[in-house]
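Chain identifiers are assigned alphabetically (A, B, ...) following the order of the sequence lines, protein sequences preceding nucleic acid strands; residue numbering begins at 1 within each chain. Values in this document were obtained by computation on a predicted structure and should not be read as measured data.
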Amino acid sequence: MRCGQSLSLKGLVVSIAVDDSITVDDSVTAEDFIAAEDSIKDKSMRDYWRINQQRLAPVLFLMPGLLMFVVYVIIPIFQSVDISFYSWDGLGEKEYVGISNYVELMDDEAFYTSLKNNIIWLVLYMLAIPAGLFVALFLNQNIRGIRIYKSLFFFPFVISQVVVGLVFSWFYDPSYGLFNKILAFFGADPIAVLADEDWVTYGIIIAGLWPQTAYCMILYLTGLNAVDSEQIEAARLDNAKGLKLLWYIILPQLRPATFIAMVVTIIGALRSFDLVSIMTNGGPWGSSRVLAFYMYEQAFSEYGFRMGYGAAIAVVLLAIMMIYIAAFLYKMYRDERGH
Amino acid sequence: MFPKPIEKSAPPVRVLYKIALPIALIIWLLPLLAVALTSLRSQGDILSGNYWGWPTSFNMLENYTAIFENTPIGQYIFNSFRVTIPTVIGAVGLSCMTGFALAVYKFKGNLILFFLFVAGNFVPFQILMVPVRDFTVSLGIYNTISGLALFHIAFQTGFCTLFMRNFIKALPFELIEAARVEGVSEIRIFWYVVLPLMKPAIAALSVLIFTFIWNDYFWAMVLTQGADTQPITAGLKSLNGQWVSSWHLVSAGSIVAAMPPVIMFFLMQRHFIAGLTLGAVK
């Protein structure tokens, strides 16, 4: 975007505003003279607009949204990277410490726990995709009332993760929770899932899989709607059915849905903050922390206001996410070229 | 149609399917059903551990009145609306314009700007947290509704731009060219030609953003504190601390918090799903 374009914006708005209000009068006074001069100026601006509007209009339309986005999203990304090289409590002076925040991270047990949990999240969250496909296949029928079933199955995604977290902490409650009632039914000893270092992350991920599966389901249901029925008929005539039909005929056609499902699931896994915060607050003894939560804890919670250290954790998280963002943009770029 | 249409199956399979459907649904929604039922239970049921049996009495009025009278939940809900509605209007409005600019005009850097919006929309929130909080404090709007709403508008503009741009790109470009030949100005083209065609996209985005923002928890924790400004998600978290093991109240609160997006979803279901599944079919 060039500077000259944005500079002329102010004048443009004015000239548009007075567009229809220019009048002509016979009696000439001083005021009229000025007004006439004004209208010439307006006229030249109007001409300028008319000639250049295809070049100017995009600037005009982009400006407000782009400005907000740059100020609140793009610039802060770089600021965060910058802050990660400082020691800062958020109020006082920033002290430049070079890469020592990152050096500290390398020796931080809690950081490794969070990183490990993030990887577990990434891997297990992917189960939402086949699970969503399974539910979608189950519901992809044309019987009476199926639409209501579809929307009710989608329900968990509509409600807040805070509510999902509360519902599941209750589900896991060691003395009254349904989970332990079921275990007892099979004769197993109760497990306090959310108080057990070994189980807690898996327990939270299962809670997260509930809405995520619903999301993937709806993506696949939409995808299944668009599957080419002639191809299926042809394949059926060739005696393909069941899993073979699914794998060779249906899944290739569902590729766009699978792609979107992967993107939203990966992002969801890396953003996992709400459930951890609601269900365990990172506990017990920090064993259910993920990077997003650990960062928040370092920067804002009772553990102190270590903005620089928190920012360094966020940069690591961004670096992981960048792999996926780059892959996504690359695919979009190829698609754009294809058009 | 895949799998094989059930009406072509043998009658027993059909019956089996019709029985399996409601059972699967109940299992799927079991945690939620339990919460709904618990929100009607009495204190006595909770104390005696009757969580899964039939309630000894139904206390709907009592429990729901209790949470509204004894806690600021009404204020939390009101705050949620005060954040959500301006965000929907702001983000959808801004992205109508950015989407139009990026879809209709060919200029240098168009694709780069578009990718900037897309990439920014996918970054982890945490990378923005410290600077955005700092910026909000320096504007003097930390712990205000506008501080929270302004950030949401800016951030959601990324996703909305992606959505709007692709939507407008799919419209017939001849319409715009015909208007240009007629000498219609670009601004009028946007207002009179393109905007009316964008109604489905606007509806879809509005319900989506409403749900996203209503359910936002992270930014509510970062940019607000206290019952005067906190939306219901952050409010539930602090109420949960107060209501230790008063599960009937926690449940009632959860149901109240979940209601508005659920109603929104059922009213605008078609638009909601159209928005969410954008790109799921080619």
For A/Lys150 and A/Leu139, the nearest pair of non-hydrogen atoms, with its separation, is CE-O, 3.4 Å
Does the cation-pi check pass for B/Arg133 over A/Phe300, that is, NZ or CZ under 6.0 Å from the six-membered ring centre and within 45° of its axis? yes
B/Trp28 (side chain) donor-acceptor with A/Phe153 (main chain) under 3.5 angstrom: yes
The interface call for B/Glu186 against chain A, heavy-atom contacts under 4.5 Å, is both
Which atoms of A/Ser277 come close to chain B, meaning under 4.5 Å heavy atom to heavy atom: side chain ones, backbone ones, both, or neither? both
Could you look at A/Leu270 and say if it's the side chain, the backbone, both or neither that has a heavy atom under 4.5 Å from chain B? neither
Heavy-atom proximity to chain B below 4.5 Å, by part of A/Ile325: side chain
Structural part of A/Ile74 lying under 4.5 Å from a heavy atom of chain B: side chain
Side chain / backbone / both / neither for A/Leu246 at chain B, heavy atoms under 4.5 Å: both
Could you look at A/Ala214 and say if it's the side chain, the backbone, both or neither that has a heavy atom under 4.5 Å from chain B? both
Options A/Ile143, A/Asp82, A/Ile83, ranked by heavy-atom pairs under 4.5 Å with chain B, top entry: A/Ile143
From B/Thr161 atom OG1 to B/Leu94 atom CG, the distance as rounded to the nearest 0.5 Å: 8.0 Å
Where on A/Phe155 is there a heavy atom nearer than 4.5 Å to chain B: the side chain, the backbone, both, or neither? side chain
Between A/Leu221, A/Ile159, A/Leu178, which has the largest tally of heavy atom pairs under 4.5 Å with chain B? A/Leu178
Contact winner vs chain A - B/Trp214, B/Phe117, B/Phe107, B/Phe135, heavy-atom pairs under 4.5 Å: B/Phe117
Could you look at B/Ile27 and say if it's the side chain, the backbone, both or neither that has a heavy atom under 4.5 Å from chain A? neither
Is there side-chain contact between B/Asn121 and A/Val73, with at least one heavy-atom pair below 4.5 Å? no
Verify whether the ring centers belonging to A/Phe179 and A/Phe168 lie closer than 6.0 Å. no
Does any heavy atom of chain A fall under 4.5 Å from the side chain of B/Tyr105, the backbone, both, or neither of them? side chain
Side chain / backbone / both / neither for B/Ser95 at chain A, heavy atoms under 4.5 Å: neither
Heavy-atom pairs under 4.5 Å with chain A, option from B/Gly158, B/Ser251, B/Cys160 with the top count: B/Gly158
Tell me, side chain or backbone of A/Ile267 under 4.5 Å from chain B's heavy atoms, or both, or neither? side chain
Donor-acceptor check, side chain of B/Asp216 to backbone of B/Trp219, threshold 3.5 angstrom: yes or no? yes
Contacting moiety of B/Ile6, where chain A heavy atoms sit under 4.5 Å: both
Examine A/Phe259 together with A/Phe328 and report whether their ring centres are nearer than 6.0 Å. yes
Any side-chain heavy atom of A/Phe305 sitting closer than 4.5 Å to one from A/Gln298? no
Whatever's closer than 4.5 Å to a heavy atom in chain A on B/Ala91 counts as neither
Kindly state whether the ring of B/Phe125 and the ring of A/Phe273 have centres lying under 6.0 angstrom apart. no
Among the listed options B/Val132, B/Leu150, B/Leu102, the residue most often paired with chain A at heavy-atom distances under 4.5 Å: B/Leu150
Checking heavy atoms, do the side chain of A/Val264, its backbone, both or neither come under 4.5 Å from chain B? neither
Side chain / backbone / both / neither for B/Thr211 at chain A, heavy atoms under 4.5 Å: side chain
Locate the shortest heavy-atom distance separating B/Ala234 from B/Met221; write the atom from each residue and the value. CB-SD, 4.0 Å
Choice from A/Val164, A/Val70, A/Ile278, A/Ile75 maximising heavy atom contacts with chain B below 4.5 Å: A/Ile278
Using a 3.5 Å distance criterion without hydrogens, assess whether the side chain of A/Asp274 forms a donor-acceptor pair with backbone atoms of A/Gln161. no
Answer with side chain, backbone, both or neither: which region of B/Lys18 has an atom nearer than 4.5 Å to a non-hydrogen atom of chain A? side chain
B/Arg14 versus chain A, the contacting section by heavy-atom distance below 4.5 Å: neither
Under 4.5 Å, counting heavy-atom pairs only, tell me which of B/Tyr17, B/Phe155, B/Phe100 racks up the most with chain A. B/Tyr17
Quick one, B/Leu32 with A/Trp210, criterion side-chain contact (heavy atoms from CB on, under 4.5 Å). Give me CA distance, side-chain angles, the key distance, then yes/no. CA-CA 11 Å; B/Leu32 213 57; A/Trp210 192 43; 4.2 Å; yes
Heavy-atom side-chain proximity of A/Glu336 to B/Leu111 below 4.5 angstrom: yes
Just so I understand: if I count every heavy-atom pair under 4.5 Å between each of A/Leu137, A/Val162, A/Val158 and chain B, which residue has the most? A/Val158
Quick one, A/Leu317 and A/Tyr294 - any side-chain contact, counting heavy atoms below 4.5 Å? no
Heavy-atom pairs under 4.5 Å with chain A, option from B/Ile127, B/Val262, B/Thr98, B/Ile255 with the top count: B/Ile127
Can you tell me which of A/Arg147, A/Gln53, A/Met332 forms the most heavy-atom pairs within a distance under 4.5 Å of chain B? A/Gln53
Among A/Phe154, A/Phe171, A/Phe157, residue most engaged with chain B (heavy-atom pairs, under 4.5 Å): A/Phe154
Select one option (side chain, backbone, both, neither) describing which atoms of B/Leu116 are under 4.5 Å from chain A's heavy atoms. both
Residue pair B/Lys237 / B/Gln230, side-chain heavy-atom distance below 4.5 Å: no
Most chain A-contacting option - heavy-atom pairs closer than 4.5 Å, from B/Gly183, B/Ala20, B/Ala274, B/Pro22: B/Pro22
Side chains of B/Val104 and B/Phe190: does their closest heavy-atom pair fall under 4.5 Å? no
Less than 6.0 angstrom separating the ring centers of A/Tyr333 and B/Phe114, yes or no? no
